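For clarity, every value in this text was computed on a predicted model and none was experimentally measured. Heavy atoms only: backbone and side chains are in, while hydrogens, waters and symmetry mates are out.
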Amino acid sequence: MTGMIKNGTDYNNIYNYRNSKYFINTVIEAKRAAKPDKDLVIFAGACQSFFEAIIASRC
């Protein structure tokens with residue numbers, strides 16, 4: 001199974017990926033929950049995800 005939806009052709013559209021939107025929401029929640037004095041490390045880009053959008057996600 002690929003990360004892109006069957007008819008997806010635009011690699012820069014988050015809605016053409018199966019799970020990246022969920023990863024982005026998880027990153028946003030992790031950033032909200034992180035303590036200000038602690039570093040938060042997020043590994044992104046595996047499994048054909050739209051890693052640019054995951055990295056750029058913010059609260």
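- If you chain together hydrophobic residues whose side chains sit under 4.5 Å apart, Val27 and Tyr22 never meet in one group.
- Taking CD1 from Ile24 and OH from Tyr17, the interatomic distance works out to 10.5 Å, rounded to the nearest 0.5 Å.
- Rounded to the nearest 0.5 Å, atoms NZ (Lys21) and CG (Asn16) are 10.0 Å apart.
- For the pair Leu40 and Ala34, the tightest heavy-atom approach, listed with the atom from each and the gap, is CD2-CB, 4.1 Å.
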